[in-house]
Amino acid sequence: MTSQMPAAQSPWVRVADAPSRIGQIIEVRGWLTHRRSSGKVQFLMLRDGSGVIQCVAGINDLTPAEWENCALLTQESAVVVRGALRADARSPGGVELGLSALRVVSVAEAYPISPKEHGVDFLMDHRHLWLRSARQQSILRIRAEVIAAFRDFMDGEGFVLVDAPVFTPNACEGTTTLFETSYFDEKAYLTQSGQLYEEAAAMAFGRVYCFGPAFRAEKSKTRRHLIEFWMMEPEWAFATLEDVIGLEERLLVTTVARVLDRRAADLSVLERNVSKLENVKAPFPRIHYTEAVERIRAAGLPFEWGNDLGSPDETALSSQFDRPVFVTNYPAAVKAFYMESDPSDARLSLSCDCLAPEGYGEIIGGGQRMESLERLTRRIEEHGLPQQAFEWYKDLRRFGSVPHAGFGIGVERTLAWIAGLDHVRESIPFPRMLNRLHP
Ligand code: 4AD
Ligand code: MG
């Protein structure tokens, strides 16, 4: 049933660009989302990834073979069509294509995803097809915008992109969540964070960042945890905790403003309450860990000073603000080995997490790094980590050690907040979770 497109040439136009082509004969290549027919007229809705366009063909507009083919088109069948583009206020995008040619590229089998409600497991099992739905496309378009915003922002601040390795010989964020793999005759781990390498790069370039995947064998089955997620990690030489908090604030304000500006249509598909995002203006509130403990208790949750914040604590705390909030000076005992001590209280560290509002919780973790070789050596000891594995890292303190600080921002948690998602599983194309490796 495949028919040849007549020889006449017309430009291949993306649906998103069609409104600038009214009055022209154009070609569109896409997939059928649905079709209806009134006997003598066929209405085809085509999506090409940039948008959806309504195509109309009367029985006399196509060859008899093309007309017959139309009736065989099922949802997700692929076609190339040609026609005259006209304005039509009632159609999506304000345009309609009056077909003069239709070529079938392939006819789809019965498509498993229909507009009716499907359970999450069913959709996750069909993630490779689910990506075609409007909602998933809007989420992933916003994801692309968030990533572009992160990188443009860092580049603009003079940070150099320095990639960190994925295979690593040792832990960065603690040994309990390492994914072990074999590396010829050695053991290796999938990276938990590029931070230690960025610290080395910061001593070369001054300001650096990496952007890549991170892997955590976390047994947590929450709406915030992925096994594989993407993180951007800036590291800044001669900078303090104060400096990176300012950088984080500017990064988030810029990113949210850019998504509001450029992805308004996608936010609207998601029915995101954008007035909440419009609140995201500097300055963000900053609260000391001890104040956070008081606020969590005041919210009615049992919480002991000295503990780390769990998801419910973060939810309780971040619901109290209309914009992201910084929680600073966590106890050293709940943070990684590399955190600098707080000179005003040896129990605390120069650390900071940024919690997103509306109950989303931690999206950024960061702080100032241990500067002195002696203190770092002691800390590695206290954390039960092998000194030998960190000799290269300790070299950074032997050769021109300076105060330095940085952070890691998770793409999926940031996106879940900006897009208003209730689970991170939709914020990454193919999520890897405790119970999910497929597809
Ligand atoms: O707080 P984390 O563990 O910090 C680090 O990895 C530091 N080395 C970063 C640095 O200072 N360079 O992770 C940072 C961020 C979190 O705030 C969160 O957004 C994200 O990474 N993240 C996760 N996202 C999804 N699923 C998980 N399991 C995540 N673990 C961390
Ligand atoms: Mg953290």
Side-chain angles (χ1 to χ4, degrees), residues 143 146 150 154 159 162 164 168 170-179 190-202 207-236 239 241 243-245 247-248 251-252 255 289 308-311 313-314 318 324-328 330-331 334-340 349-356 360-370 393 404-418 421 423-428 431-434 436:
R143 177 186 170 102
V146 165
F150 281 3
M154 295 316 304
F159 285 68
V162 177
T168 59
N170 45 256
C172 176
E173 293 302 311
T175 51
T176 54
T177 65
L178 283 173
F179 262 111
L190 297 182
T191 184
Q192 297 171 309
S193 154
Q195 180 192 320
L196 307 188
Y197 297 98
E198 295 312 294
E199 289 185 55
R207 300 177 182 200
V208 295
Y209 71 102
C210 63
F211 178 76
F215 307 87
R216 308 262 173 107
E218 293 195 269
K219 290 281 160 24
S220 319
K221 208 179 152 197
T222 76
R223 58 186 63 225
R224 299 172 189 182
H225 284 90
L226 291 166
I227 301 300
E228 178 180 312
F229 63 95
W230 288 70
M231 182 159 59
M232 181 175 78
E233 295 180 277
E235 198 65 35
W236 190 358
L241 179 63
D243 294 319
V244 285
I245 291 176
L247 186 69
E248 291 172 27
L251 168 67
L252 290 176
T255 301
Y289 171 80
D308 198 4
L309 272 54
S311 291
D313 309 311
E314 288 182 358
S318 62
V325 53
F326 293 113
V327 180
T328 65
Y330 285 74
V334 304
K335 288 291 181 192
F337 73 95
Y338 50 69
M339 291 287 187
E340 185 60 282
S349 62
L350 294 183
S351 55
C352 175
D353 278 4
C354 180
L355 313 185
Y360 277 93
E362 181 194 338
I363 55 172
I364 305 180
Q368 197 168 320
R369 319 308 189 188
M370 197 65 100
Y393 182 67
H404 62 290
F407 64 89
I409 180 164
V411 168
E412 292 75 17
R413 289 196 193 165
T414 305
L415 174 61
W417 158 53
I418 292 177
L421 312 179
H423 198 296
V424 284
R425 66 183 157 227
E426 285 182 281
S427 67
I428 184 164
R432 297 293 171 248
M433 297 182 295
L434 197 51
R436 182 161 299 276

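Here, residue 1 is the first one in the sequence, and each next residue gets the next number. Each ligand, and each atom within it, is numbered from 1 in the order the structure gives.
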request  = Could you check Phe407, Tyr209, Phe159 and say which one makes a ring pair (Phe, Tyr, Trp, His ring centres under 6.0 Å) with Trp236?
outcome  = Phe159
query = Against heavy atoms of Glu218, which atoms of ligand 1 measure under 4.0 Å?
reply = 27 (C), 28 (N), 30 (N)
Side-chain (Glu314) to main-chain (Glu362) donor-acceptor, under 3.5 angstrom = yes
request  = Any chance you could measure Arg432, atom CZ, to Phe215, atom CZ, to the nearest 0.5 Å?
outcome  = 10.5 Å
request  = Number the atoms of ligand 1 from 1 as they appear, then name those within less than 4.0 Å of a heavy atom of His225, with their elements.
outcome  = 26 (N), 28 (N)
ask   = Mind checking whether Tyr330 and Tyr289 have parallel, tilted or perpendicular rings, split at 30° and 60°?
value = tilted
Check: Pro431 main-chain N/O paired with Arg436 side-chain donor or acceptor under 3.5 Å = no
task = To the nearest 0.5 Å, tell me how far Asp353 CG sits from Lys335 NZ.
result = 3.5 Å
inquiry  = If I take atom CH2 from residue Trp417 and atom CZ from residue Arg224, how far apart are they, to the nearest 0.5 angstrom?
reply    = 14.0 Å
request  = Could you check which N/O/S atom of Glu362 is closest to the Mg ion (ligand 2)?
outcome  = OE2
query = Could a heavy atom of Arg216 be found less than 4.0 Å from some atom of ligand 1?
reply = yes
query = Considering only the protein, which heavy-atom contact is closest to atom 15 (C) of ligand 1, and what is its distance?
reply = Gly408 O, 3.7 Å
task = Please report which non-hydrogen protein atom sits nearest to atom 18 (C) of ligand 1, along with the residue it belongs to and the distance in Å to one decimal place.
result = Arg413 NH1, 3.7 Å
task = Output yes when the distance from some N or O of ligand 1 to some N or O of Gly410 is under 3.5 Å, and no in every other case.
result = yes
remark   = atom 31 (C) of ligand 1: of Phe215, Phe229, Tyr209, the nearest heavy atom sits on Phe229
query = Tyr338 heavy atoms, cut-off 4.0 Å: which ligand 1 atoms fall inside?
reply = 7 (C), 8 (N)
request  = Ignoring hydrogens, just give me the one of Asp353, Thr222, Ile363 whose non-hydrogen atom is nearest atom 19 (O) of ligand 1.
outcome  = Ile363
query = When the ring planes of Trp230 and Phe211 are compared, do they come out parallel, tilted or perpendicular, using 30° and 60° as the limits?
reply = tilted
ask   = Rounded to the nearest 0.5 Å, how far apart are CZ of Phe179 and CD of Gln192?
value = 10.5 Å
note = Of all protein heavy atoms, the one nearest atom 16 (C) of ligand 1 is Glu362 OE2, 3.2 Å
Main-chain N/O of Thr222 paired with Ser220 side-chain donor or acceptor, under 3.5 Å = no
inquiry  = Can you tell me which portion of Ile364 lies within the under-4.0 Å heavy-atom range of ligand 1? Options are side chain, backbone, both, or neither.
reply    = backbone
Interfacing atoms of ligand 1 (cut-off 4.0 Å, heavy-atom, Gly365) = 1 (O), 9 (C), 10 (C), 11 (O), 17 (O)
Per-atom contacts, ligand 1 versus Arg224 - under 4.0 Å to a heavy atom = 25 (C), 26 (N)
task = Quick one: pull up NE2 in His225 and NZ in Lys219 and give me the separation to the nearest 0.5 Å.
result = 13.0 Å
query = When only distance counts, is Leu226 in polar contact with ligand 1, meaning an N/O pair under 3.5 Å?
reply = yes
ask   = How far is atom 7 (C) of ligand 1 from its nearest protein heavy atom, and which residue and atom name does that atom have?
value = Glu173 OE2, 3.3 Å
ask   = Quick one: which ligand 1 atoms are inside 4.0 Å of a heavy atom on Ser193?
value = 6 (O), 8 (N)
query = Is ligand 1 less than 4.0 angstrom away from at least one heavy atom of Glu235?
reply = no
Shortest protein heavy-atom distance from atom 12 (N) of ligand 1, along with the residue and atom involved = Glu233 OE2, 2.8 Å
request  = Measure from atom 11 (O) of ligand 1 to every heavy atom in Arg369, Gln192, Glu228 and give the option owning the shortest one.
outcome  = Arg369
task = Could you tell me the separation between the SG atom of Cys210 and the CE atom of Met154, rounded to the nearest 0.5 Å?
result = 10.5 Å
